[in-house]
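These figures come from a predicted structure and were not determined experimentally. Quick note: residue numbers are just sequence positions, from 1. Keep in mind that the numbers below use all heavy atoms, side chains included, and drop hydrogens, waters and symmetry copies.
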Amino acid sequence: MEENVLKFEDGEITFRKDIREAIFTDDAIVVCLAVSTDEMDNENVIGVDTSGDRLWEIEPVVPTSERDAPFMNLVERDGAL
């Protein structure tokens, strides 16, 4: 995907970084932003609605080492992320 604009039927949403992956659920769009390995940014999973309103952003994760650990992908199993 690697673009920072998510386009859908009702409009579009611009994110602060490129979008690595997006999953459309019944009530939200869950977006995983692309983060380079040299950045400290592990708050890279965001939920939005189709009106462009931010519903939530993942809580910061405390790194277990000197390196940050951003989320790299989204997994959906049995209807749950």
Side-chain angles (χ1 to χ4, degrees):
M1 197 170 244
E2 298 297 320
E3 181 179 313
N4 74 332
V5 177
L6 180 65
K7 297 178 182 183
F8 47 90
E9 187 175 311
D10 297 333
E12 65 183 39
I13 302 169
T14 302
F15 293 91
R16 60 185 164 79
K17 296 195 180 289
D18 285 351
I19 300 165
R20 179 181 305 278
E21 183 176 6
I23 294 179
F24 289 73
T25 67
D26 290 338
D27 53 355
I29 305 164
V30 180
V31 175
C32 181
L33 301 179
V35 177
S36 67
T37 56
D38 62 341
E39 291 181 81
M40 293 293 283
D41 183 357
N42 60 31
E43 297 173 62
N44 65 321
V45 179
I46 302 166
V48 296
D49 66 17
T50 56
S51 299
D53 294 324
R54 184 179 299 238
L55 301 173
W56 52 267
E57 184 170 335
I58 198 156
E59 294 290 325
V61 177
V62 177
T64 57
S65 68
E66 290 182 19
R67 294 193 55 188
D68 193 25
F71 291 89
M72 301 307 290
N73 60 12
L74 304 172
V75 176
E76 184 177 12
R77 287 192 187 119
D78 300 322
L81 285 174

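- Just one of I58, V48, V45 meets the side-chain contact (heavy atoms from CB on, under 4.5 Å) condition when paired with V30; it is V45.
- Distance check, rounded to the nearest 0.5 Å: CG of L55 to CG of D49 gives 5.0 Å.
- Of all heavy-atom pairs between K17 and N4, the closest is O-CB, 3.2 Å.
- Atom CD1 of I46 and atom CD1 of I19 lie 9.0 Å apart (nearest 0.5 Å).
- Taking NZ of K7 as the start and OG1 of T14 as the end, the distance is 9.0 Å to the nearest 0.5 Å.
- Using a 4.5 Å cut-off on side-chain heavy atoms (C-beta onward), F15 and N44 make no contact.
- A salt bridge is defined here as a Lys NZ or Arg NE, NH1 or NH2 lying under 4.0 Å from an Asp or Glu carboxylate O, and R54 with E43 fails to meet this definition.
- Across all non-hydrogen atoms, the minimal contact from A22 to L6 is CB-CD1, 4.3 Å.
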